[in-house]
Amino acid sequence: MSNDNKNGHENEKTAAGKRVLQPAGWAPPRGYANGVAASGTLVSVAGQIGWNGQCQFESDDFIDQCRQALRNIKAVLAEAGAEPRHIVRMTWYLLDKREYVARGREVGQAYREVLGSEYGIAMTAVQVAGLIEDRAKVEIEVTAVVPARD
């Protein structure tokens with residue numbers, strides 16, 4: 001379903017009460033949204049890295065750490081009664097952007113495995129010089145909005 005916003009641009013409204021913001025005439029992005037509007041209970045998830053609930057790394061592989069960080073996000077969201085479909089913003093902090101790009105299909109597979117196929121999320125990915133935990137290769141933070149009646 002789609003709704004017109006006040007500027008007359010057509011935007012997609014999702015079942016989770018989010019509205020994907022896609023300016024008229026812009027090429028659609030792949031795997032993310034340019035912007036998202038939502039109202040409800042705001043849930044902020046701190047940056048999650050690829051260690052388990054006991055703060056132990058089970059792998060030094062980039063994809064394994066991505067998958068674990070996404071699992072951690074899903075667990076924190078659940079504590080607030082939120083689900084992956086409620087995510088409106090996601091930021092990836094990467095030690096190596098080349099590995100992220102080279103292994104993009106695997107990143108996407110891990111993402112879908114853990115969070116599903118919801119890509120109506122405003123995403124940013126940046127390469128950083130380092131993360132606080134020396135073994136961490138990626139850190140991911142999210143913001144979610146749970147609609148009042150979902």
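Residue indices begin at 1 and follow the sequence shown.
By the side chain to side chain donor-acceptor pair (under 3.5 Å) test, Q65 is found to be paired with no residue, residues two or more places apart in sequence or in another chain being considered. Legend: residues meeting side chain to side chain contact (heavy atoms under 4.5 Å, CB included) with L95, ordered by chain and number and at least two apart, are V128, L131. Take E79 and apply the side chain to side chain contact (heavy atoms under 4.5 Å, CB included) test, not counting sequence neighbours, and it matches no residue. A search for ring-ring contact (aromatic ring centres under 6.0 Å, His included) contacts involving Y100 returns W92, not counting sequence neighbours. With sequence neighbours excluded, the residues that form a side chain to side chain donor-acceptor pair (under 3.5 Å) with E113 are R67. Remark: S59 engages D64 in a side chain to side chain donor-acceptor pair (under 3.5 Å) (not counting sequence neighbours).
A pairwise comparison of heavy atoms in A82 and V146 identifies CB-CG2, 3.5 Å as the closest pair. Residues I63 and A110 share a closest heavy-atom pair of CG2-CB, 4.4 Å.
Listed for the K74 side chain is no donor-acceptor partner under 3.5 Å among the backbone atoms of E83. A distance-only check finds no donor-acceptor pair linking the side chain of Q54 to the backbone of Q56 [under 3.5 Å].
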Using residues 25-50 as the side-chain source, report each donor-acceptor pair under 3.5 Å to any protein atom, sequence neighbours left out, with the distance given to one decimal.
{"residue": "N34", "atom": "ND2", "partner": "Q22", "partner atom": "OE1", "Å": "3.1"}
{"residue": "Q48", "atom": "NE2", "partner": "A46", "partner atom": "O", "Å": "3.1"}

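Within the model, atoms CD1 of I87 and NZ of K18 stand 7.0 Å from one another, a figure rounded to the nearest 0.5 Å. Rounding to the nearest 0.5 angstrom, the gap separating the CG atom in L115 from the CZ atom in R112 is 11.0 Å. The CD atom of E58 sits 4.5 Å away from the CG atom of N52 when rounded to the nearest 0.5 Å. Interatomic distance, Q68 CD to I73 CD1, rounded to the nearest 0.5 Å: 10.5 Å.
Identified under the side-chain hydrogen bond (donor to acceptor under 3.5 Å, both in side chains) test for residues 102-111, with sequence neighbours left out: D61-R103, E99-R103, R103-E106. Applying the side-chain hydrogen bond (donor to acceptor under 3.5 Å, both in side chains) test to pairs two or more places apart or on separate chains, those with a residue in residues 133-144 are D60-R135, R89-T143, Y93-E141. Among pairs with a residue in residues 33-77, those fulfilling ring-ring contact (aromatic ring centres under 6.0 Å, His included) read W51-F57, at least two apart in sequence or across chains.
The shortest distance between side-chain heavy atoms of H86 and V145 does not fall below 4.5 Å. Between I140 and L70 there is a side-chain heavy-atom pair separated by less than 4.5 Å.
Using a 4.5 Å cut-off between side-chain heavy atoms of Ile, Leu, Val, Met, Phe, Trp and Tyr, I132 forms no hydrophobic cluster with any other residue.
Tracing side-chain contacts under 4.5 Å through hydrophobic residues (I, L, V, M, F, W, Y), one never reaches V88 starting from I121; they form parts of separate clusters.
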